[in-house]
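A short write-up of the structure that comes next.
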Amino acid sequence: MGITFQRIEMFKQNELNPQQKEAVEYKDGPLLIMAGAGSGKTRVITYRIAYLIGEYGIKPWSILGVTFTNKAASEMQQRVARLLHRKINDIMIRTFHSVCLRILRIEAAHIKLPSHFTIVDEEDKKSILKNIIDESEMDREIYNPKKIGEQISRWKSYEFTPEIEIQSTYEKEMFEIYRNYENYKKRTDCLDFDDLLLKTVELFKKEKTVLEKYRKKWQYILVDEFQDTNHIQYEFTRLLGEKHTNVCVVGDEDQSIYSWRGATPENFFRFQKDFPGFKIIKLEQNYRSTQNILDSATAVISNNIKRSDKKLWGTKGKGDYLRLYKFDQSRDEAEFVIREILNLVHRQDYQYNDIAIFYRTNYLSRSFEISCKGYHIPYVIIGGVRFFERKEIKDILAYLKLIANREDEVSLQRIINIPSRGIGTTTLNRLKDYAFENKVSLFKALLTSNKIEGVKKNIQEKIRSFVDLIQSISQDLKNLKLSEFVLFLIEETGYADYLKNFSPEEFESRRGNISELIQDIREREKKDPSLGLENYLEEASLQTSIDEWDSQDQTISLMTLHNAKGLEFKVVFIVGMQDGVFPHHRNLNEDPEDLEEERRLFYVGLTRARERIYTSYSVIRNFFQQNIPSEMSRFLEELPEDKLEFFDQSTLGKHSYSTMRFY
DNA sequence: CACCTATACGTTTTT
DNA sequence: CGTATAGGTG
């Protein structure tokens, strides 16, 4: 039989160690895989899925795989397809958010939600909150939209709702804002990222028949990066899995780096409680890094008190020493790193895509970007401003979102006067007041603007022509492919001229981004000729920066340590290693757990490297154009000295580490 | 209402 | 330093 042949082939091509084999072949019941860094975790998951299908005859569509990024999901899908020699588009391997979105689109009616709801991103969320705070006349000093947004997010990830009793006036007002925010979204048929998870869990708890339907559908569940799941994600997993208990979770508590987003390794314990009879398999064989890297990473992480004892066995030779460089200024650091990269590529056998630069915070990318440009090194920055967050892209998307959902007030507000149509803030506020008082949507208010007091005839005319524009282009959506429609829309709205006027200097790059958007739509149309507006908007709103990245491209990669999770490179530079930057000053507090999370982040960074690690810092840090003296990161002192070479490139304070020089 | 200028303010990490 | 907002003028 073909099935047996596949199995033999699978194991021959890429042999698995006994623990990996056990994890792959384990069929029914709860399974907890503790997978150390570089222990072949992805291989185990993909083999396991392939094995369930190929060996146990499980139907592809009864498997649910949950990952953290779309990229990890599609990679996994491809690898499974390769193992089984067939196209597999019927396995659901997606992110939590994407799976929940799928469910909600279908089941929305059960929780009194129209199925065409739109998704608000972080920027939209902030602007909604800002409006609410402004209207409530609260002090913006204390009530800053970003902070409140984070707080709301935290509440929601714990299934906390505004109905809960609260004491202090501050909390009361926070809840008031929260409640208004929730009402606003309800009124405008919007959901934020947290809602996707929260509403799905709510739906499962309320509608048992719906829950049963999905329990029946997904007989086998796998969750990747389990250490970074939060309460609500755990609930989702538990609800779906507790009946058949075929739930496999994979993670590494040493790589838990999202506690600030509500993630908790506590879920490992909850899993063990909620799924009795579970099996634990530990993957401790590291196939990625040299022994020196492994020993250094182990030495660092062993400073954490809160961790269960776990070992990593290396499979490679000792390899190079780790390197530690000290500089005067950030720009010296950037200059060195880039020259060293040139050296690695031209004098040694490395390619650009073997190399990555990691930093703690996004703003550190700037000096390295400048140096890359100066030396003509091809680079990509992962993170920072994402493609779908760029102004021009968001404008176009706002038009599309409004066409998909007329109630979407955020999008309407964004583009009602872009390009400028003479509908300014005063008019907009009148319209909003009218909409609010008469309990209609903002778009409805536009339709009846002649009834609104204080809106002059000429302005009514302007509003009418805007409404006509939206209505008439909406008609054309039916007759055009989406990519053609977007081109048409840009034409009809006069958006290109607007961009040119708005900023001639930036026009070229913005137009480039728009072409890229259209190209992206075309590519998706190629895969799925029936690609609709809603479908595309969905994918666009859940896309992350890492998803845009192609590891095959001949470029070096710059990213935050958080973005580095799950990746590997031959050479890794970890830069900006000053106390206060890394560990970040906000996590240098009384709470030792915050520091431990920073340390895990360092551990993640170190364990991404296969062959070589450079760490570096400068004694003068440029911050807001100020020069701030800074100390070497305390984490660097945790690296074992006998596996480290120290290079003092600094002309200031030479005395300090000169005795460590030994190369 | 649109446009220009002054000033305040901020950068942790992100699905 | 760069961006985002406020405040004033045409």
Side-chain angles (χ1 to χ4, degrees), chain A residues 66-73 94-101 119-123 125-127 130 134 140-141 144-147 149-150 153-154 156-157 191-198 225 228-230 232-233 236 256-263 358-367 370 382-386 388-389 391 417-430 456 458-459 462 501-503 541-547 559-565 576 580-588 594 597-598 600-602 604-605 621-627:
Chain A
V66 194
T67 62
F68 249 69
T69 62
N70 300 302
K71 184 170 180 63
R94 285 167 170 271
T95 63
F96 275 108
H97 293 264
S98 163
V99 174
C100 289
L101 178 56
I119 300 165
V120 296
D121 66 14
E122 290 305 293
E123 193 193 332
K125 179 179 179 178
K126 261 193 278 174
S127 88
K130 196 182 154 299
D134 283 348
R140 282 239 297 288
E141 290 286 306
N144 125 327
K146 202 179 160 207
K147 289 243 169 69
E150 282 163 7
S153 202
R154 228 166 292 129
K156 287 169 97 165
S157 71
L191 295 187
D192 65 17
F193 289 139
D194 305 311
D195 289 329
L196 295 175
L197 301 163
L198 193 59
E225 309 281 12
D228 286 325
T229 51
N230 64 23
I232 203 85
Q233 289 163 333
F236 175 85
S256 164
I257 54 175
Y258 284 100
S259 76
W260 50 276
R261 215 166 67 189
F358 300 155
Y359 34 79
R360 176 65 236 265
T361 62
N362 272 310
Y363 77 90
L364 287 174
S365 65
R366 182 155 273 138
S367 55
I370 292 167
I382 294 156
V385 183
R386 291 177 224 162
F388 286 102
E389 282 168 3
K391 178 191 147 43
N417 207 27
I418 286 182
S420 143
R421 306 186 167 88
I423 307 170
T425 38
T426 330
T427 307
L428 190 58
N429 281 333
R430 281 203 185 108
K456 293 201 191 78
N458 62 328
I459 301 215
K462 286 171 179 167
N501 273 319
F502 181 76
S503 166
S541 54
L542 294 182
Q543 183 112 14
T544 69
S545 52
I546 197 102
D547 301 328
M559 68 188 84
T560 62
L561 286 147
H562 282 88
N563 261 320
K565 189 180 75 168
V581 178
F582 189 28
H584 195 272
H585 68 92
R586 301 245 327 232
N587 287 334
L588 287 172
D594 285 346
E597 177 147 321
E598 292 282 311
R600 287 193 292 270
L601 197 52
F602 188 39
V604 167
R621 172 161 76 90
N622 308 101
F623 190 66
F624 292 140
Q625 205 55 19
Q626 292 173 86
N627 290 333

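Order of the sequence lines sets the chain letters (A, B, ...), proteins ahead of strands, with each chain counted from 1.
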Review point. Checking A:Asp228 side chain against A:Ala263 main chain: does a donor-acceptor pair fall under 3.5 Å?
Key: no
**Study point:** 5' priority, DNA chain B, between A:Leu197 and A:Lys146 [closest heavy atom]
**Key:** A:Lys146
Exercise for review: Tell whether A:His584 reaches the base of B:dT12 with its side chain through a donor-acceptor pair below 3.5 angstrom.
Suggested key: no
Revision key, fill the gap. In whole angstroms, the gap separating C1' of B:dT12 from CH2 of A:Trp260 amounts to 7 Å
Check your understanding: Taking CG from A:Leu588 and P from B:dT12, how many angstroms apart are they, rounded to a whole number?
Key -> 13 Å
Point to revise | Steps toward side chain to side chain contact (heavy atoms under 4.5 Å, CB included) verdict (A:Ile257, A:His562) | key: CA-CA 7 Å; A:Ile257 54 175; A:His562 282 88; 3.8 Å; yes
Point to revise | First encountered from the 5' end of DNA chain B, between A:Thr361 and A:Thr426 | key: A:Thr426
Check your understanding: Among B:dT15, B:dA2, B:dT14, which is the nearest nucleotide to the side chain of A:His562?
Key -> B:dT14
**Study point:** Any A:Asn563 side-chain nitrogen or oxygen under 4.0 Å from OP1 or OP2 of B:dT13
**Key:** no
**Study point:** Base B:dT13 paired with A:Arg261 side chain (donor-acceptor, <3.5 Å)
**Key:** no
Check your understanding: Which value, in whole Å, describes the distance between the C1' atoms of nucleotides B:dT13 and C:dA4?
Key -> 23 Å
**Study point:** From B:dT15, B:dT12, B:dA2, nucleotide with atom closest to A:Glu122 side chain
**Key:** B:dT15
**Study point:** Any side-chain heavy-atom pair of A:Phe236 and A:Val99 under 4.5 Å
**Key:** yes
Practice item. Could you state the atom-to-atom distance from CZ of A:Arg366 to P of C:dC1 in whole Å? Key: 12 Å
Please write out each protein N/O paired with an N/O of nucleotides 8-10 of chain C under 3.5 Å, distance rounded to 0.1 Å.
none

Practice item. Looking only at side-chain atoms of A:His97, point me to the closest of B:dT15, B:dC1, B:dT13. Key: B:dT15
Check your understanding: Separation of A:Ile257 atom CD1 from B:dT14 atom C1', in whole Å?
Key -> 10 Å
Review point. B:dC9 P sits how many Å from A:Lys147 NZ, rounded?
Key: 12 Å
Exercise for review: Determine the minimum heavy-atom distance between A:Phe193 and A:Ile119, stating which atoms define it.
Suggested key: CE2-CG2, 4.1 Å
**Study point:** Ion pair check, A:Arg586 and A:Asp594, cut-off under 4.0 Å
**Key:** no
Review point. Can you tell which of B:dT14, B:dT15, C:dT5 lies closest to the side chain of A:Lys130?
Key: C:dT5
Review point. What does A:Glu597 touch in the nucleic acid at a heavy-atom separation under 4.0 angstrom: a base, only the sugar-phosphate, or nothing?
Key: nothing
Check your understanding: More than 12 foreign heavy atoms under 6.0 Å from CZ of A:Arg421: is that the case here?
Key -> yes
Check your understanding: Given B:dT14, is OP1 or OP2 found less than 4.0 Å from the side-chain N or O atoms of A:Asn362?
Key -> yes
Point to revise | Sidechain-backbone polar pair: A:Asn429 side chain, A:Thr426 backbone, donor-acceptor under 3.5 Å | key: no
Review point. For A:Tyr258 and B:dT13, is the gap between ring centres under 5.5 Å while the planes differ by less than 30°?
Key: no
Review point. Reckon A:Asn417 touches a base, only the sugar-phosphate, or nothing at all at heavy-atom distances under 4.0 Å?
Key: sugar-phosphate
Check your understanding: Can you tell me if the side-chain N/O atoms of A:Thr560 get under 4.0 Å from OP1 or OP2 in B:dT12?
Key -> no
Review point. Which whole-number value in Å describes the distance from A:Glu150 CD to B:dT14 P?
Key: 12 Å
Exercise for review: Check step by step if side chain to side chain contact (heavy atoms under 4.5 Å, CB included) holds for A:Arg94 and A:Leu101.
Suggested key: CA-CA 10 Å; A:Arg94 285 167 170 271; A:Leu101 178 56; over 6 Å; no
Review point. Closer than 4.0 Å, any side-chain N/O of A:Arg360 to the OP1 or OP2 of B:dT12?
Key: no
Point to revise | Protein-nucleotide distance (A:Asp121, atom CG; B:dT14, atom P), rounded to Å | key: 15 Å
Point to revise | Pair A:Glu597 + A:Arg600, salt bridge at N-O below 4.0 Å | key: yes
Practice item. For B:dT12 versus C:dT5, give the span between their C1' atoms, rounded off to a whole number of Å. Key: 24 Å
Review point. Between A:His585 (NE2) and B:dG10 (P), how many Å, whole number?
Key: 12 Å
